[in-house]
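Notes to accompany the following structure.
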Amino acid sequence: MAQKSSPSLLLFIIVWSGQLVSTIGSTMSTFAFNIWAWEFSGQVTSLALVDFFTLLPSIFFAPITGVIVDRCNRKLLMMLGDTVTVILTSVIIGLYFTNHLQVWHLYITGAIAGTFNQIQWIAYSASVSLMVPQQHYVRANSMDFVSSYGANIVGPALAGYLYYSIGLGGIGLIDITTFLIAITSILFIKIPQTEQGSCVYSRVKLLHFVLLKRFRELLK
């Protein structure tokens, strides 16, 4: 049985704000990881492989991600994605502070984080039209555009500015804090569900968009 919930722009803004803060933190840590990998190895290949292992799993899992989102509680999936990323970031920061961090650690954690971030992102994207009243669809899409592309501009800029003052560890702690903010913004919000099997078309659209988006990122 689908969960009934009245669409509300305010509730969407609360969730969106948490996702915006979290996305900025993620882009900050990703940029900082790339700087650290370059400093540690001195090889451009290391930078490419970090992004490669982060993006590739999400492409392979894209065909089944829509099914998972349709069948499972979207709120729990969104929280799961953020929680897994918090744990992985904490592991990386712990290895960094104990001087045990290696570049291959970023490959493994990046692949795992990329997979769960894909699930989290699709669960959020599929819920937007259910959270927002129809007359505010354009506004919600515009806000998502700002969240995605704005974070990709602001995050690396902040990371580049802060890296040599607070280091990888400091930026990682900021990232963890932003994920906690995102989880809190979702925790007390009811995320609507759809009937199972009623969104095959939207699942195909999401799959097409995900694959196109990921291939473009790989070609950057």
Side-chain angles (χ1 to χ4, degrees), residues 19 22-66 68-69 77-124 148 151-160 162-164 166-180 182-183 207 209-220:
Q19 295 304 306
S22 175
T23 304
I24 292 175
S26 295
T27 55
M28 287 180 64
S29 63
T30 299
F31 191 78
F33 290 155
N34 285 335
I35 295 177
W36 179 87
W38 167 257
E39 290 181 336
F40 183 82
S41 65
Q43 298 178 352
V44 178
T45 305
S46 298
L47 303 181
L49 287 176
V50 170
D51 291 334
F52 175 80
F53 282 105
T54 300
L55 295 175
L56 192 61
S58 62
I59 295 176
F60 285 130
F61 281 100
I64 66 172
T65 302
I68 295 174
V69 170
L77 289 177
M78 293 169 64
M79 295 181 65
L80 175 64
D82 286 332
T83 301
V84 170
T85 307
V86 167
I87 295 173
L88 294 174
T89 304
S90 300
V91 170
I92 291 295
I93 298 306
L95 291 171
Y96 172 77
F97 281 132
T98 57
N99 296 317
H100 290 98
L101 182 60
Q102 301 292 323
V103 175
W104 64 268
H105 291 141
L106 300 181
Y107 301 160
I108 296 176
T109 57
I112 299 173
T115 301
F116 281 91
N117 284 340
Q118 182 68 38
I119 296 175
Q120 189 270 349
W121 177 75
I122 291 185
Y124 167 75
S148 176
N152 287 331
I153 296 173
V154 174
L158 287 175
L162 295 173
Y163 184 82
Y164 290 104
I166 63 176
L168 179 64
I171 293 177
L173 293 177
I174 291 176
D175 188 19
I176 293 173
T177 302
T178 63
F179 277 119
L180 295 177
I183 293 174
L207 174 59
F209 181 76
V210 168
L211 291 175
L212 184 61
K213 180 174 183 289
R214 293 309 184 188
F215 276 122
R216 284 176 175 173
E217 290 176 346
L218 283 173
L219 293 174
K220 284 183 179 179

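Atoms considered below: every heavy atom in the structure, side chains included; atoms not considered: hydrogens, waters and symmetry mates. By convention here, the first residue in the shown sequence is residue 1.
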Query - Heavy-atom pair of closest approach, residues A182 and D82 - result: CB-OD2, 3.7 Å

**Report entry** Qualifying residue, where the test is side chain to side chain donor-acceptor pair (under 3.5 Å) with S29 and the options are T85, T89, D175
**Finding:** D175

**Report entry** Spacing of OH belonging to Y96 relative to CZ belonging to F40, to within rounding of 0.5 Å
**Finding:** 12.0 Å

Query raised in the report: For the atom pair CG (D51) and CG (L56), what is the distance rounded to the nearest 0.5 Å?
Result: 12.0 Å

Report summary line: Separation between CD1 (I68) and CG (L77), nearest 0.5 Å, reads 7.5 Å

**Report entry** I166 side chain reached by I174 side chain, heavy atoms, under 4.5 Å
**Finding:** yes

Requested in this report: Would you please test W104 and S46 for side-chain contact (heavy atoms from CB on, under 4.5 Å) and show each step?
Outcome: CA-CA 9 Å; W104 64 268; S46 298; over 6 Å; no

Requested in this report: Verify side-chain contact (heavy atoms from CB on, under 4.5 Å) between Q19 and W121, making sure each step is shown before the conclusion.
Outcome: CA-CA 9 Å; Q19 295 304 306; W121 177 75; over 6 Å; no

Query raised in the report: Got a second to check how far I24's CD1 is from I153's CD1, nearest 0.5 Å?
Result: 11.0 Å

Query raised in the report: For the residue pair G172 and I93, what are the closest heavy atoms and their distance?
Result: CA-CD1, 3.6 Å

Report task. Check T23, V154, I171 against M28 for a side chain to side chain contact (heavy atoms under 4.5 Å, CB included) and give me the one that passes. Result -> I171

Requested in this report: Show your working on side-chain contact (heavy atoms from CB on, under 4.5 Å) between T54 and T30 and close with a plain yes or no.
Outcome: CA-CA 10 Å; T54 300; T30 299; over 6 Å; no

Query raised in the report: Considering residues at least two apart in sequence or located in another chain, which fulfil the side chain to side chain donor-acceptor pair (under 3.5 Å) criterion with S22?
Result: none

Query - Closest heavy-atom pair and its distance - F97, G169 - result: CZ-CA, 3.6 Å

Report task. Only counting residues at least two apart or in another chain, list the ones meeting side chain to side chain donor-acceptor pair (under 3.5 Å) with Q43. Result -> none

Report task. Over all heavy atoms of both residues, which pair between H105 and Q102 is shortest? Give the atoms and the distance, please. Result -> ND1-N, 2.9 Å

Query - Atom pair CG/CG of L168 and L101 - distance to nearest 0.5 Å - result: 7.0 Å

Query raised in the report: Quick one: does T27's side chain have a donor or acceptor within less than 3.5 Å of a partner on A151's backbone?
Result: yes

Query raised in the report: Just how far is it from atom CZ of F53 to atom CD1 of I108, taken to the nearest 0.5 Å?
Result: 9.0 Å

Query raised in the report: Do you know which two heavy atoms are closest between A37 and L106, and how far apart they sit?
Result: CB-CD1, 4.3 Å

**Report entry** Closest contact, heavy atoms only, M78 versus A123
**Finding:** CG-CB, 3.8 Å

Query raised in the report: Are W36 and V50 close enough, and set up right, to give a side-chain contact (heavy atoms from CB on, under 4.5 Å), and what steps lead you there?
Result: CA-CA 11 Å; W36 179 87; V50 170; over 6 Å; no

